[in-house]
Protein chains: 2
Amino acid sequence: MRDNNEMPGHLARRFQQIAVAVFLAEVSEAGFDLTPVQYAALASIKANPGIDQATLAGLIAYDRTTITGVVDRLVQKNLLERRASSRDRRARELEITDEGKRTLRAITPAVEEAQRLMLRGLSPKEAAELMRLMRKAIAAGNELSRAPLRETTG
Amino acid sequence: MRDNNEMPGHLARRFQQIAVAVFLAEVSEAGFDLTPVQYAALASIKANPGIDQATLAGLIAYDRTTITGVVDRLVQKNLLERRASSRDRRARELEITDEGKRTLRAITPAVEEAQRLMLRGLSPKEAAELMRLMRKAIAAGNELSRAPLRETTG
DNA sequence: TACTGATAGTCAGCATACTGAGCAATATCG
DNA sequence: CGATATTGCTCAGTATGCTGACTATCAGTA
């Protein structure tokens, strides 16, 4: 069998596994209980008030069915409000609450530290190169997953 | 907010998301129903007959509790046998079945093609560099997840 | 041998992620 | 306008992955 270390799929999973562990550890240490996708959703909603779930899903490249549950839990935690859209009665408009904004501000240093920590084995130049190569591979494969990135907000 | 494209955690998740989608698509097209972890487990057990679950988990860097379910499903599909160890009555020895060997052989080209496809946006040199950098980052963060890689078979 | 600690496996519970299906509402085109 | 296609969201079902707890067993030691 081919060595796992020669399988990009294995390396991708492993790197992401560590990234998630580092994220949760830093966030937990800072006194918060927020997952990576919950953070990404919260930040995107703050930057795009009133965004609907489908557009949000496209912005952070998550499946719509996953976003339903994520938003459920953020609403449960009083970090988000979900209300019916007036323009399109199928859609749900998402708005961050004051508590959501406070949480986002307070948690950001831990998130930044986590991003730094997950690359701690690399020099700054290597870290930049890793990110460039991941971006390039991702761009080429964007349409291959069910949840591609969609850059448009409208 | 920092751009998602500047967050290594986001890029890691996205790359892995595409890697899994490509893997499942290729394997499905080849007529099989096997997930990445199921493939990794099957291949490791073939290479290490009679391995116990904890050692297997260490070899492919999965959590023990995840491996329990994975092995359950592989046994269900008649690709594995799980039996009590004679040396250590806590342990379960894992053995690949003939059908498991046939499946592994038949599925390998699809798996190789998936590994190639998930890097299709990169030149060979870039692909090699991406893998080197992921390996380096992973090595530095190995102990940060609950399921670190353990290279020993004994 | 009795005690203590570590290890192998499982389980309950939770949160992603996916497939496929379904409903309601909107957009499009004849 | 009316039929059709598309879109936004949700749900059921399945499979990872994790935390924390539990049982059974083993290993080391007083």
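Letters A, B, ... mirror the listed sequences (proteins, then strands); counts begin at 1.
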For Gln38(B) and Asp33(B), the nearest pair of non-hydrogen atoms, with its separation, is OE1-O, 4.0 Å
Ordered by number, residues from residues 7-17 of chain B within less than 4.0 Å of DNA chain C (heavy atoms) are Arg13(B), Gln17(B)
Original post:
Relative to Tyr62(B), does Arg13(A) satisfy both conditions: NZ or CZ under 6.0 angstrom from the six-membered ring centre, and within 45 degrees of the ring's axis?
Top reply: yes
Check: Checking side-chain hydrogen bond (donor to acceptor under 3.5 Å, both in side chains) for the pair Arg146(A)/Gln17(B): CA distance, chi angles, key distance, verdict?
Finding: CA-CA 9 Å; Arg146(A) 179 165 131 160; Gln17(B) 178 185 46; over 6 Å; no
Testing dT16(C), dT10(C), dT16(D) for proximity to the side chain of Gln38(A), the answer is dT16(C)
Closest to the side chain of Ala91(B), out of dA15(D), dA8(C), dT26(C), is dA8(C)
Assess whether a salt bridge exists between Asp52(A) and Arg90(A), defined as any Lys/Arg side-chain N lying under 4.0 Å from an Asp/Glu carboxylate O. no
Dump the pairs, protein N or O against N or O of nucleotides 2-7 of chain D, anything under 3.5 Å, distances to one decimal.
| unit_1 | atom_1 | unit_2 | atom_2 | d |
| --- | --- | --- | --- | --- |
| dT7(D) | O2 | Arg90(A) | NH1 | 2.3 |

The residue, Thr35(B) or Asp88(A), whose nearest nucleotide of DNA chain D is more 5′ is Asp88(A)
**Study point:** side-chain N/O Arg89(A) vs dT26(C) OP1/OP2, d < 4.0 Å
**Key:** yes
| Is any side-chain nitrogen or oxygen of Tyr62(A) closer than 4.0 Å to OP1 or OP2 of dA17(C)? | yes
Short N/O separations, protein against nucleotides 19-21 of chain D, under 3.5 angstrom:
| unit_1 | atom_1 | unit_2 | atom_2 | d |
| --- | --- | --- | --- | --- |
| dT19(D) | OP2 | Arg146(B) | NE | 3.1 |
| dG20(D) | N7 | Arg146(B) | NH1 | 3.3 |

